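One structure below.
Residues: numbered from 1 along the sequence shown. In what follows, every heavy atom counts, from backbone to side chain, and hydrogens, waters and symmetry copies are set aside. Everything numeric here is computed off the predicted structure, so don't read it as measured data.
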Amino acid sequence: MVISVVMPVYNKERHLYRSINSVLNQSYPFFELIIVCDPSTDKSTHIVERFEDERISIYYRDEAGPGGYAARNLGVEKSNSEWVAFIDADDEWLPEHLNNFVVALENNPSHKFFAALFDVYDGVNLSSIIHYEHERFSVVSFLSYLYFSPFYTSTVIMNKKLFHGVGGFPAGRVKRGGDVCLWLRAIEETSEYILINKSGAIYYRDSDSMVTKTTPYTEVEVANEYLLSLINCYQDKKISSALKARFNNQVIYCWNQNMRMGNPDLFDIKGRLFKDVAPIKVCFYYLFSSVPVRISIPLHRIMAKLVDWKRNNYG
């Protein structure tokens with residue numbers, strides 16, 4: 001079985017050798033690597049073209065697209081396999097990633113969405129997102145996914161029919177978070193997915209061109225219409241509550257990111273949160289966002305440093 005691997009590239013010259021070689025060095029050799037190059041301003045395209053491997057196909061786009069969504073969609077369109085894996089150009093696959101997927105698929109042939117765990121490198125330390133010691137893979141329900149999703153783009157492998165069936169990546173509609181929107185649609189469609197309980201990739205937090213580090217969230221980005229539509233259509237109270245909690249957490253995350261960058265006024269957090277889910281947490285952010293900016297921003301920075309210190313020292 002051949003697996004199609006899609007990698008979008010834009011201004012990643014510092015990481016490309018590592019990322020591409022991590023695919024070429026997979027223990028499972030039956031794959032095609034489809035690299036889609038947006039017009040970089042650095043030497044990324046030149047680096048890609050230096051690789052000589054018959055499994056690599058290179059495609060070019062004339063315009064850079066936010067999040068690499070259009071590039072990924074093109075890569076899937078050009079793919080020749082029914083299974084598509086994704087890797088970002090600044091990440092690294094572990095050598096057994098594709099092989100672990102093949103084993104998982106052999107044991108779960110009816111499933112259409114697979115994802116592995118991952119490690120995180122923050123520039124100093126390498127740490128695992130979570131540890132599973134017993135089962136090689138787990139069947140995870142849509143409800144469980146809503147509360148906890150221990151995977152990300154570079155560890156997802158999905159069936160191409162499912163990808164097209166749920167609309168692919170939302171190119172031209174969002175600048176970021178489009179991958180999470182796709183996973184939500186796909187897992188809601190299939191009602192469950194297979195989690196491979198081994199790390200499949202290393203996520204580098206020190207990478208270049210990470211838009212979430214420097215660009216504040218706007219009113220349009222926070223208005224997650226698809227998630228709101230799911231909340232309105234689900235009668236199951238457990239799933240409805242989980243969807244509301246997920247929506248609240250996304251809004252709070254966006255607001256916290258804006259606070260870190262000193263832009264708290266780009267959208268109103270108070271009018272967006274569902275008050276019947278985690279009411280104490282909602283009340284806290286409602287009150288905090290009501291504090292004058294000259295006080296709330298310095299206070300938020302102090303709190304953020306305390307949270308970072310706790311995460312670095314206690315996990």
Show the numbers, then the answer: is there a side-chain contact (heavy atoms from CB on, under 4.5 Å) between M1 and L105? CA-CA 11 Å; M1 180 183 68; L105 178 61; 3.7 Å; yes
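- No path of Ile, Leu, Val, Met, Phe, Trp and Tyr side chains, each step under 4.5 Å between heavy atoms, connects I196 with L117, placing them in separate hydrophobic clusters.
- One side chain, R246 or Y145, offers a donor N or O that lies under 3.5 Å from an acceptor on the other.
- Checked against F101 for a ring pair (Phe, Tyr, Trp, His ring centres under 6.0 Å), the options F31, F137, F114 give a single hit: F114.
- Between G177 and Y69, the shortest heavy-atom contact is N-OH, 3.0 Å.
- Judged purely by atom type and a 3.5 angstrom limit, N258 uses its side chain to pair as donor or acceptor with the backbone of Y217.
- Minimum interatomic distance between I56 and I58 (heavy atoms only, all atoms of both residues): CG2-CG1, 4.0 Å.
- You'll find the side chain of L227 reaches within 4.5 Å of the side chain of Q250, heavy atoms only.
- Under a hydrophobic clustering in which Ile, Leu, Val, Met, Phe, Trp and Tyr are joined whenever their side-chain heavy atoms come within less than 4.5 Å, directly or via other members, L182 and V140 fall into the same cluster.
- Residues D91 and R18 fail the side-chain proximity criterion, which asks for heavy atoms closer than 4.5 Å.
- Here the side chain of N100 pairs no donor or acceptor atom with the backbone of K198 at under 3.5 angstrom.
- Between R260 and H300, some side-chain heavy-atom pair lies under the 4.5 Å cut-off.
- Distance alone, capped at 3.5 Å, places no donor-acceptor pair between the S138 side chain and the L195 backbone.
- The heavy-atom pair separating W83 from H111 by the smallest distance is CH2-O, 3.3 Å.
- Under the 6.0 Å distance and 45° angle rule, R55 does not count as a cation-pi partner of F30.
- The main-chain N or O of E192 is found under 3.5 Å from a side-chain atom of T190 such that the two form a donor-acceptor pair.
- The aromatic rings of W183 and F169 sit perpendicular, their planes meeting at an angle over 60°, well past the 30° parallel limit.
- Between the side chain of R136 and the backbone N or O of A104, no donor-acceptor pair lies under 3.5 Å.
- Put simply, the side chain of V277 does not reach to within 4.5 Å of the side chain of V282, judged on heavy atoms.
- At least one side-chain heavy atom of I35 sits less than 4.5 Å from a side-chain heavy atom of C37.
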Under the side-chain contact (heavy atoms from CB on, under 4.5 Å) criterion, do I202 and L126 qualify, and how do the steps go? CA-CA 8 Å; I202 300 175; L126 181 68; 3.8 Å; yes
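- With D179 contributing its side chain and T153 its backbone, the two residues share no donor-acceptor pair below 3.5 Å.
- Interatomic distance, L299 CG to R294 CZ, rounded to the nearest 0.5 Å: 13.0 Å.
- There is a side-chain donor-acceptor pair under 3.5 Å between N256 and Y285.
- We find that D236 and K238 are not joined by a salt bridge, their nearest charged nitrogen and carboxylate oxygen being 4.0 Å or further apart.
- The distance from the CG atom of L228 to the SG atom of C233 is 11.0 Å, given to the nearest 0.5 Å.
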Apply side-chain contact (heavy atoms from CB on, under 4.5 Å) to the pair D62 and D38, showing each step before the final yes or no. CA-CA 7 Å; D62 296 329; D38 280 1; over 6 Å; no
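- The minimum heavy-atom distance linking P8 with A89 is given by the pair O-CB, 3.4 Å.
- Note on F163 and L184: same hydrophobic cluster, where clusters join Ile, Leu, Val, Met, Phe, Trp and Tyr whose side-chain heavy atoms are under 4.5 Å apart, directly or indirectly.
- Residues D53 and I20 fail the side-chain proximity criterion, which asks for heavy atoms closer than 4.5 Å.
- A donor-acceptor pair is defined here as one N or O able to donate and one able to accept, closer than 3.5 Å; no such pair exists between the side chain of N263 and the backbone of M259.
- In terms of hydrophobic clustering, with Ile, Leu, Val, Met, Phe, Trp and Tyr side chains grouped at heavy-atom distances under 4.5 Å, W255 and Y286 are assigned to different clusters.
- A 4.5 Å side-chain heavy-atom check between L24 and F51 finds at least one atom pair inside the cut-off.
- Separating the CG atom in L16 from the CD1 atom in I47 is a distance of 5.5 Å, to the nearest 0.5 Å.
- Ionic pairing of R205 and D122 is not present here: no N-O contact between side-chain nitrogen and carboxylate oxygen is shorter than 4.0 angstrom.
- Under 3.5 Å, the side chains of K160 and S79 contain a donor-acceptor pair of N or O atoms.
- Put simply, the side chain of N125 never gets that close to the backbone of Y121: no donor and acceptor are under 3.5 Å apart.
- Ring centroids of Y193 and F151 are separated by less than 6.0 Å, placing the two rings close together.
- Within the 4.5 Å cutoff, the side chain of L230 has heavy atoms near those of the E188 side chain.
- In terms of modelled atom types and a separation under 3.5 Å, the side chain of S191 and the main chain of I187 share no donor-acceptor contact.
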Please walk me through it: do Y203 and D119 pass side-chain contact (heavy atoms from CB on, under 4.5 Å)? CA-CA 6 Å; Y203 171 71; D119 297 333; over 6 Å; no
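- K43 NZ: 12 or fewer foreign heavy atoms inside a 6.0 Å radius.
- The two residues S199 and F118 have their closest heavy-atom pair at OG-C, 3.7 Å.
- The CZ atom of F113 lies 11.5 Å from the CG atom of N159; values are rounded to the nearest 0.5 Å.
- Within the 3.5 Å criterion, the main-chain N or O of S154 finds a donor-acceptor partner in the side chain of W93.
- The stretch residues 19-32 participates, sequence neighbours left out, in these side-chain hydrogen bond (donor to acceptor under 3.5 Å, both in side chains) pairs: S4-E32, S27-E96, E32-N80.
- Tracing side-chain contacts under 4.5 Å through hydrophobic residues (I, L, V, M, F, W, Y), one reaches V23 starting from V9; they form part of the same cluster.
- Of all non-hydrogen atoms in Y10 and S44, the two that sit nearest each other are C-OG, 4.5 Å.
- Counted within 6.0 Å of NE2 on H46, heavy atoms from surrounding residues, nucleotides or ligands total 12 or fewer; the atom is thus considered open.
- For the residue pair N249 and K281, a side-chain donor N or O sits within less than 3.5 Å of a side-chain acceptor on the partner.
- Of the N and O atoms on the side chains of D88 and H15, not one donor lies less than 3.5 Å from an acceptor on the other residue.
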